[in-house]
Colleague: 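Below is the structure I would like to discuss, written out as structure tokens.
All values derive from a computational prediction rather than experimental measurement. Counting starts at 1 for both ligands and their atoms, following the listed order.
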Amino acid sequence: MHTVAEALEIVLRHAQPLPTTMAPLGPETLGLVLAEDVASDLDMPPFDKAMMDGFALSTSDLRDGHAELLIVEEIHAGKTPSVAVKSGQASRIMTGAPIPQGIDAVVMIERCEVAGNQVCVNDRTLKAGQNILARGREMRVGETVLRAGTRLRPQEFGLLATVGRPVVKVQPAPRVGIISTGDEIVEPEQTPGPGEIRSGNSLMLVAQVARAGGVPHYVGIARDEPGHLRALIDKSMQYDVLLLSGGVSAGKFDLVPGVLAELGMTALFHKIAMKPGKPLLFGITPPPHPQPLSPGRERGDRLIFGLPGNPVGSMVCFELFVRPAIRALMALPPGPDYVNATLTKDHAYRTDRPTYHPARLQQTDAGWTVEPTVWFGSPDLRGVVPANAFVLLPEGDHAHRAGDRLMVLRVENE
Ligand code: AMP
Ligand code: MG
């Protein structure tokens, strides 16, 4: 049986970044990693421009900050000035408009009084160059403005749009297929018959995949019958990652390991020393769409996870192993993220395996604090609703005291 750390290392060894693709900037690309250097196709700003609404003038016309000038033009943003400004003259100008020839400053409108075609300026602090943004100040044509490896946030979207690149090369988000298994499992919209329960795991996994940055594809519920399970797995061959829920323990109808082996999966581990989530199965098959590789880049395998059927085991295994895999496929730092936190109340327990107990993690003036929620074990999803993290309880017989420091698995950012 592997430890959590050993198992994570095995998963990450096989989670190589996916081949890059061209993609339009939009909700689906937000948070992806840019896979090319991007250069500007223009100077920014492309012309010397006014940064204020006011009057474009020559500071040599000012005496003690004062001048009376003839207004020769009104320059709107998007318009090119048509006349040069001579001594004794000024052009009214709007923010963002190109400045006319013959001027060296823009005085803000609040310092001006207009009377007919005359403007009376009063600004003792105005200096040459003021309120003018020089052409190319932000960037020059040909200059690299973003490097491969940058994560795309709103400001990168804005910059890429500015340099005319609404479509860029990115590390794509993996497509993740989700199959639930079990004769007793029915869809959420159905009323369970005798002995049946609704699938909580399918939609929980859809949400976890989306939160991790992957693209979830729900396939369906496989009956505990090899032919039907095989058919659903066959239907899911196009996904980069395949998640199966249930059917991985030692029961007679736990068919997932056998059927996956028949279909050519190489199992890399089965069972982890942890609670909940012990029966986790991980394996690989060749990638769904083998394609030519760029030099120095290896195409990773397709990753298959057999997650435990019990909802909290499934949730914890996802956060510990699947989320890091999804992030690694996207060339992001994989995590998982742990913080050290102070226990807020005594907590006595006995466990034969390191245990991830649902908990409330909080940032306080005194640092991180953690409080385990009331929870009765692997099937108890209700006990996870007040939680936003999992506190790691080491194996053995322990009586932790308020004030003790414990490691906590973070699963939320808020
Ligand atoms: P299994 O590993 O298939 O034996 O499942 C372990 C436990 O998890 C059983 O009590 C199942 O009924 C339950 N379970 C399996 N799949 C799901 C699911 N999709 N949603 C909720 N509970 C499930
Ligand atoms: Mg089952």
Side-chain angles (χ1 to χ4, degrees), residues 1 7 176-212 214 216-233 235-236 239 241-263 265 267 269-283 304-323 353 355-358 375-385 387 390 411:
M1 203 155 40
V176 182
I178 297 163
I179 298 174
S180 280
T181 73
D183 283 346
E184 78 282 29
I185 307 299
V186 299
E187 296 291 359
E189 56 272 21
Q190 290 176 270
T191 304
E196 294 180 341
I197 59 167
R198 295 192 181 98
S199 176
N201 291 358
S202 314
L203 280 173
M204 182 164 64
L205 287 169
V206 164
Q208 283 183 291
V209 168
R211 182 166 73 177
H217 294 269
Y218 176 58
V219 181
I221 299 168
R223 293 191 301 278
D224 288 326
E225 187 263 299
H228 190 234
L229 179 57
R230 211 176 289 128
L232 286 202
I233 295 172
K235 250 175 73 178
S236 314
Y239 301 122
V241 179
L242 180 57
L243 305 181
L244 293 113
S245 147
V248 281
S249 304
K252 187 174 169 198
F253 294 101
D254 290 330
L255 306 171
V256 167
V259 167
L260 285 171
E262 262 172 52
L263 290 172
M265 182 191 79
F269 62 76
H270 189 183
K271 291 190 180 24
I272 315 244
M274 64 179 273
K275 218 175 175 170
K278 180 177 161 195
L280 179 69
L281 168 71
F282 173 66
I304 301 181
F305 293 88
L307 297 163
N310 269 312
V312 186
S314 172
M315 182 180 181
V316 170
C317 285
F318 183 98
E319 297 297 334
L320 283 176
F321 304 105
V322 183
R323 180 178 183 272
R353 279 167 274 141
T355 295
Y356 290 82
H357 192 295
W375 179 62
F376 64 76
S378 188
D380 179 18
L381 200 50
R382 189 91 193 271
V384 187
V385 168
F390 292 89
V411 300

Colleague: Just to verify, which of Ile178, Val322, Leu244 counts as forming a side chain to side chain contact (heavy atoms under 4.5 Å, CB included) with Leu307?
Modeller: Val322

Colleague: Just which atoms of ligand 1 are under 4.0 Å from any heavy atom in Asp254?
Modeller: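 Near Asp254, the atoms of ligand 1 are 3 (O), 4 (O).
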
Colleague: Check each of Gly200, Ser245, Gly182 against atom 20 (N) of ligand 1 and report the one with the nearest heavy atom.
Modeller: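 Answer by nearest heavy atom: Gly200.
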
Colleague: For the CZ atom of Arg353 and the CE atom of Met274, what is their distance to the nearest 0.5 Å?
Modeller: 9.0 Å

Colleague: If we check side chain to side chain contact (heavy atoms under 4.5 Å, CB included) with Ile179, which of these qualifies: Val219, Ile221, Val256, Leu243?
Modeller: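 The option that passes is Val219.
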
Colleague: Gly309 to ligand 1: N or O pair under 3.5 Å?
Modeller: yes

Colleague: Counting only nitrogen or oxygen atoms and a 3.5 angstrom limit, does Ser199 reach ligand 1?
Modeller: yes

Colleague: Should the ring pair His217 and Tyr239 be called parallel, tilted or perpendicular, given that the plane angle runs from 0 to 90° and is split at 30 and 60?
Modeller: parallel

Colleague: Please identify which atoms of ligand 1 are closer than 4.0 Å to at least one heavy atom of Ser249.
Modeller: 2 (O)

Colleague: Tell me: protein heavy atom nearest atom 7 (C) of ligand 1, and distance?
Modeller: Asn310 OD1, 3.6 Å

Colleague: Using a 4.5 Å cut-off on heavy atoms from C-beta on, say whether the side chain of Met315 contacts that of Phe390.
Modeller: yes

Colleague: Relative to the heavy atoms of Gly247, which atoms of ligand 1 are at a distance of less than 4.0 Å?
Modeller: 1 (P), 2 (O), 3 (O)

Colleague: Quick one: which of Leu232, Val176, Ile233 gives a side chain to side chain contact (heavy atoms under 4.5 Å, CB included) with Leu242?
Modeller: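 The option that passes is Ile233.
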
Colleague: Tell me: protein heavy atom nearest atom 11 (C) of ligand 1, and distance?
Modeller: Glu184 OE2, 3.1 Å

Colleague: Mind checking whether Ile197 contacts ligand 1 via backbone (N, CA, C, O), side chain (CB onward), both or neither, at a 4.0 Å heavy-atom cut-off?
Modeller: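 The side chain, only.
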
Colleague: Ignoring hydrogens and angles, tell me if any N or O in the side chain of Arg198 forms a donor-acceptor pair with the backbone of Gln190 under 3.5 Å.
Modeller: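 Such a contact is found between Arg198 side chain and Gln190 backbone.
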
Colleague: What protein heavy atom is closest to atom 16 (N) of ligand 1, reported as residue, atom name and distance in Å?
Modeller: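 Here the closest protein heavy atom is Ile185 CD1, 3.5 Å.
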
